[in-house]
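Encoded as structure tokens, the structure appears first; notes follow it.
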Amino acid sequence: YPSQPSDAFVAHSGLVYGEDHDGVLIFHPQQNIALPTWSWEQSKWRVASVDPGGTGATSDPTGITVWGVSGDEHVYQYGEKLWRGNPGSTEMADWLFRWHSRAPFDFVPVDPSAPTTIVDLGRLGLPALGANNDRKTGMAQHASLLKSRRFKIHPDCVETKHQYQTYWVDPRKDRSTREGTQTITPKDHHAEIPDCNRYSTLRIMDGLPSGQRRSTPIVRHGSRASRI
């Protein structure tokens, strides 16, 4: 682990998704960041995960990431959004509908500690549900997905890159097992993007909630949604 906390911003050894036990980088910017090879509309599954923040000037940020899964089971992060604080469900839904109106989400996992947001996004026409918040399994599975290079990230997702590179294991815990899942972040984020990606990883591994995509797309009108 880096001798000084500030060294973790540039050294890989203490990062959650840094250097693995075999010396291979889990998150490798040159290998995990690339342009897409299929379009959003061509994805067989589409998912957006939401990690709501708190309220007030010093509250946690709110993060959203948008994923598509290809026919051959590769995963691509098309977009990200970060707000400082909690913008409210309506503003989150407005941003999500920019993607949903092009091709609908199959599911929108939300931090289960935010039940009001889950209900609100559902009422606004999005397939919101409580995310699987198993940190140990989620972090391990997402690390595996990153390291396999089957998960790629759009170059415009600069916050994702930043958070992966400033999200490290608590040096007071045993990093060799990742069992404690105790982590440290800088002041400008609380790992909202990695948390979203952990939710999405577990969701796609669990499969579609209903076993099939919505039969009709949803179009949003102001604060209400209707089927067409």
By salt bridge (Lys or Arg N to Asp or Glu O under 4.0 Å), Lys147 pairs with (sequence neighbours left out) Asp20, Asp22
Checking the side chain of Thr62 only, and the main-chain atoms of Gly85 only, is there a donor and an acceptor separated by less than 3.5 Å?
yes
Assess, by modelled atom type and distance only, whether the side chains of Tyr164 and Asn197 contain a donor and an acceptor separated by less than 3.5 Å.
yes
Nearest heavy-atom pair of Ser200 and Ser49: which atoms, and what distance?
OG-OG, 2.7 Å
Validation row: Phe27, Val16 side chains within 4.5 angstrom (heavy atoms):
no
Can you find a side-chain donor-acceptor pair between Asn132 and Arg198 that sits under 3.5 Å?
no
Any donor and acceptor pair, going by atom type alone, linking the side chain of Arg149 with main-chain N or O of Gln31 inside 3.5 Å?
no
Arg203 and Leu129: side chain to side chain contact (heavy atoms under 4.5 Å, CB included), yes or no, with the steps?
CA-CA 10 Å; Arg203 183 65 262 172; Leu129 73 166; 3.4 Å; yes
Any idea how Trp67 and Phe151 line up, ring-wise: parallel (<30°), tilted (30 to 60°), or perpendicular (>60°)?
tilted
Distance in Å, Leu126 CG paired with Ile118 CD1, rounded so as to fall on 0.5 Å steps:
12.5 Å
Is the closest side-chain heavy-atom distance between Leu146 and His28 below 4.5 Å?
no
Side chain to side chain contact (heavy atoms under 4.5 Å, CB included) between Lys81 and Val66: does it pass, once the steps are laid out?
CA-CA 9 Å; Lys81 181 64 176 177; Val66 173; over 6 Å; no
From CG (Asn86) to OG1 (Thr116), nearest 0.5 Å:
10.0 Å
Calculate, to the nearest 0.5 Å, the distance between atoms OG and CG belonging to Ser148 and Asn32 respectively.
8.0 Å
Is the backbone N or O of Glu192 less than 3.5 Å from a side-chain atom of Gln163, with the two atoms forming a donor-acceptor pair by type?
yes
Considering all heavy atoms of both residues, which atom of His154 and which atom of Pro36 are nearest to each other, and what is their separation?
CD2-CD, 3.9 Å
Of all heavy-atom pairs linking Phe105 and Ala48, the shortest is CE2-CB, 3.5 Å
Quick check against the 3.5 Å criterion: does Glu80 have a side-chain atom that pairs as donor or acceptor with the backbone of Val158?
yes
Pairwise distance CD1(Ile153) to CD(Glu159) - rounded to 0.5 angstrom:
12.0 Å
Applying the side chain to side chain contact (heavy atoms under 4.5 Å, CB included) test to Val110, which of Cys196, Pro115, Pro52, Ser89 qualifies?
Pro52
So, the side chain of Asp106 versus the backbone of Val47: is there a donor-acceptor pair under 3.5 Å, distance only?
no
Check step by step if side chain to side chain contact (heavy atoms under 4.5 Å, CB included) holds for Glu73 and Lys44.
CA-CA 9 Å; Glu73 306 293 330; Lys44 72 169 185 176; 2.3 Å; yes
Sequence-distant partners of Tyr76, ring pair (Phe, Tyr, Trp, His ring centres under 6.0 Å), two or more places apart:
Tyr78
Would you call Tyr17 and Gln165 a side-chain contact if the rule is heavy atoms closer than 4.5 Å?
no
Distance in Å, Leu96 CG paired with Ile64 CD1, rounded so as to fall on 0.5 Å steps:
4.0 Å
Would you mind reporting whether Trp38 and Asp72 have side-chain heavy atoms less than 4.5 Å apart?
no
Within the distance-only criterion (no hydrogens, no angle test), does the side chain of Gln42 pair as donor or acceptor with the backbone N or O of Ser39 below 3.5 angstrom?
yes
Can you find a heavy atom in the side chain of Lys152 that is under 4.5 Å from one in the side chain of Ile33?
no
Is any side-chain heavy atom of His142 less than 4.5 Å from a side-chain heavy atom of Pro194?
no
Same cluster or not: are Ile26 and Leu145 linked, directly or through other Ile, Leu, Val, Met, Phe, Trp or Tyr residues, by side-chain heavy atoms under 4.5 angstrom apart?
yes
Mind checking whether Tyr167 and Tyr199 sit in one hydrophobic cluster, side chains of I, L, V, M, F, W, Y counted as touching below 4.5 Å?
no
If you round to the nearest 0.5 Å, how far is CH2 of Trp95 from NE2 of His100?
13.5 Å
Only pairs at least two apart or in different chains count here, so list each salt bridge (Lys or Arg N to Asp or Glu O under 4.0 Å) that has a residue in residues 27-42.
Glu41-Arg102
Looking at Pro109 and Ala131, what are the two nearest heavy atoms and their distance?
CB-CB, 3.8 Å
